[in-house]
Amino acid sequence: MRIERPRGTRDFLPEEMEKRREVERRLRKLAESFGYREVSTPTFEHSELFKRKSGEGIVEEMYVFEDKSKRELALRPELTAPIIRMFVNECSRMPRPLRFYYFGNCFRYERPQKARYREFWQFGVELIGSESYLADLEVILLAYKMLESLEIDFELHIGHVGLLRNLLKPLGEESSKAMRLIDKKDEEGLRKLFSELGMRDLEEKVLRLTELVGGKEVIEEAKEIVDFDFNHVEKLSDLLESLGVKHRINFGIARGLDYYTGVVFECYAKGLGAQKQICGGGSYELAQIFGGERTPATGFAIGFDRVCELFKGDSVKKPVVVIVNFPGLEKNAFELAMRLRESDITAVVDVMGRNLKKQLSYANDINAEYAVIIGESEVKGGVFRVKNLKTGEQLDVEAENITTFLSELLKPKT
RNA sequence: GCCCGGAUGGGGUAGCGGCUAUCCUCUGGGACUGUGGAUCCCAGGAGGCGGGUUCAAAUCCCGCUCCGGGCCCCA
């Protein structure tokens, strides 16, 4: 019996890997242009770290295991908690604000389906230390620019969990249950909950509020429903608009995790079926949960795999030069290859002991641009024969000029 | 955890109780001892696993595993 790949995991072949690297490159470039610096945390943590902050939802689907010393560990289901843990443990004295970005794999034991896997990648940022609307602005702007740079067709929705929390205050203990129902858009469940609690008047308000989706006028409507300071959201929305960031106000966004405190946002894309959410984030307070000082932060995570599926651009493939390798002249072939590689040319030498015909055939199969033939006559004459595999043309080039010659030919056309 | 649909060489398939399991592609070699993509020849390679029914199972039945899609949840 062959050993299969575990369920919900994937192998990435070169073609796909090149595309993923291209997406990664673009995201990194943008994060760094905003002054964010990469951080990395362990693949597994004490399961306590995730249990403490995120309620049953995520905990049920965690990969938890015991190590040989009976420590209870978990493969990370997300990256925000580890990063805030790292911040509390070793960065709390660094100058504020801190700008971190990360790219890493996460694990959740869920039923796999389109654009959902048990091992998946998140690319995200955390801006730690500011609770200004400007922090929300920066982070949302960055998320927007990232998705834009991948030429993805998406919609940005911005909400605020504060006003829902305010409204739900009378529910006391039950309010987080209500938040979850709102997040699920479970109207029936909500009605049931409210009638059980005998709060029909509140029910109407909540339902009206969560249905508010649209432009700025939505804020005015919300003001009539709930007593709340909308200044933060208004300033944020205005500034985003003036910077050309198209968005909709959506007070129905509740987000599954209950550590969010203020502005929350999500991005939805077309073409992924049920998994249309490609980015989610907002402002939160986690530091004190992990034993640090109360510190506001805001961040988001992009569903890297989902975004890769939507990315239609091409990765830039490096051209390949094949060095034809003859028996007895292996030294010459490998020497030439080394010279080309030093000049940043990808050079491939036959290692199958094949004849010339087969080597050219292979060169064709791997889509090489050029073949360099150095046989006995070439070595004697100090001239290498360069064959263009696309056109079939051949040229004899002086051995010492070969690197510059090929570099010139392979220069990317701009 | 629930619902639907699947699983035949590396990839794509045909057969749907009975010959040595079909065809395409692929991989390696050769025709062709130094010039690729074409052609021809040779070689390689398969019914997910376990059980049942039957004289006989890839084919029918059951269970499991895995894959795809949906619910839930999320990225």
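First the proteins, then the strands, lettered A, B, ... as listed; each starts at 1. Heavy atoms only: backbone and side chains are in, while hydrogens, waters and symmetry mates are out.
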Mutual orientation of the aromatic rings belonging to A:Phe34 and A:Tyr36 [parallel < 30°, tilted 30-60°, perpendicular > 60°]: tilted

Ring center gap for A:His160 and A:Phe251 short of 6.0 angstrom: no

Under 3.5 Å on both distances, the Watson-Crick or G-U partner of B:G50: B:C62

Span that lies between the P atom of B:C62 and that of B:C67, in whole angstrom: 22 Å

Under 4.0 angstrom between A:Gln122 side-chain N/O and B:A75 OP1 or OP2: no

Base partner of B:C55, which must satisfy Watson-Crick or wobble distances under 3.5 Å: B:G18

Distance in angstrom units between A:Arg116 CZ and B:G1 C1', rounded: 13 Å

Filtered N/O pairs between nucleotides 33-40 of chain B and protein, under 3.5 Å:
residue	atom	partner	partner atom	Å
B:G34	O6	A:Glu376	N	2.8
B:G34	O6	A:Ser377	N	3.3
B:G34	O6	A:Ser377	OG	3.3
B:G34	O6	A:Glu378	OE1	3.4
B:G34	N1	A:Glu378	OE1	2.8
B:G34	N1	A:Glu378	OE2	3.3
B:G34	N2	A:Glu378	OE2	2.6
B:U35	O2	A:Lys387	NZ	3.2
B:U35	O2	A:Gln394	OE1	3.2
B:U35	N3	A:Gln394	OE1	3.0
B:U35	O4	A:Arg385	NH1	3.0
B:G36	OP1	A:Lys357	NZ	2.8
B:G36	O6	A:Gly392	N	3.4
B:G36	N1	A:Leu389	O	2.4
B:G36	N2	A:Asn364	OD1	2.3
B:G36	N2	A:Leu389	O	2.8
B:G36	N3	A:Asn364	OD1	3.4
B:G37	O4'	A:Asn364	ND2	3.1
B:G37	N2	A:Asn364	OD1	3.4
B:G37	N3	A:Asn364	OD1	3.4

Pair assignment for B:A75, Watson-Crick or G-U wobble, requiring both distances under 3.5 Å: none

Separation between the C1' atoms of B:U65 and B:C32, rounded to whole Å: 50 Å

OP1 or OP2 of B:C67 under 4.0 Å from side-chain N/O of A:Arg7: yes

Separation of the P atoms in B:U20 and B:A57, to the nearest angstrom: 13 Å

d(CZ, A:Arg118; P, B:G68) in whole Å: 11 Å

Ring centroids of A:Phe120 and B:A75 base under 5.5 Å with planes under 30°: yes

Nucleotide paired to B:U13 in any strand shown, Watson-Crick or G-U, under 3.5 Å: none

C1'-based separation of B:U8 from B:C16 [nearest Å]: 12 Å

Ion pair A:Glu38/A:Arg28, N-O distance below 4.0 Å: yes

A:Glu119 CD - B:A75 P separation (whole Å): 17 Å

Whole-Å C1' distance, B:C60 and B:G18: 15 Å

Distance-only donor-acceptor check, side chains A:Asn388 and A:Glu393, under 3.5 Å: no

Between P of B:A75 and CZ of A:Phe311, the distance in whole Å: 23 Å

Touch class at under 4.0 angstrom, heavy-atom based, for A:Phe300 against every strand present: nothing

Residues A:Glu119, A:Tyr63; criterion side chain to side chain donor-acceptor pair (under 3.5 Å); working and verdict: CA-CA 11 Å; A:Glu119 182 189 22; A:Tyr63 278 90; over 6 Å; no

Gap in Å between the two P atoms, one belonging to B:G11 and one to B:U27, rounded: 14 Å

Assigned glycosidic conformation for B:G44 [threshold 90° from 0]: anti

Base paired to B:A43 (Watson-Crick or G-U; both N/O distances under 3.5 angstrom): B:U27

Rounded distance in Å between the C1' positions of B:U13 and B:C23: 8 Å

Separation of atom CG in A:Leu79 from atom P in B:A75, rounded to whole Å: 12 Å

Set of residues satisfying side-chain contact (heavy atoms from CB on, under 4.5 Å) with respect to A:Gln122, sequence neighbours excluded: A:Glu78, A:Leu79, A:Tyr102, A:Cys106, A:Arg108, A:Phe120, A:Ala301

Ring centers of A:His247, A:Phe265 separated by less than 6.0 Å: no

Nearest-angstrom distance, P atom, B:G5 to B:G9: 23 Å

Distance in angstrom units between A:Glu110 CD and B:A75 P, rounded: 10 Å

Distance below 4.0 Å between A:Gln113 side-chain N/O and B:G69 OP1 or OP2: no

Pairwise 5' ranking along RNA chain B for A:Gly8 and A:Cys267, keeping only the more 5' one: A:Gly8

Length of the CG-C1' vector between A:Asp365 and B:G11, whole Å: 16 Å

Below 4.0 Å: OP1/OP2 of B:G28 and any side-chain N or O of A:Arg354: yes

Pairing partner of B:G34 (Watson-Crick or G-U wobble, both distances under 3.5 Å): none

Identified ring pair (Phe, Tyr, Trp, His ring centres under 6.0 Å) partner of A:Phe304 from the options A:Phe311, A:Phe123, A:Trp121, A:Phe103: A:Phe103

d(CZ, A:Arg111; C1', B:C4) in whole Å: 10 Å

Polar side chain donor-acceptor pair, A:Lys390 to A:Asn364, under 3.5 angstrom: no

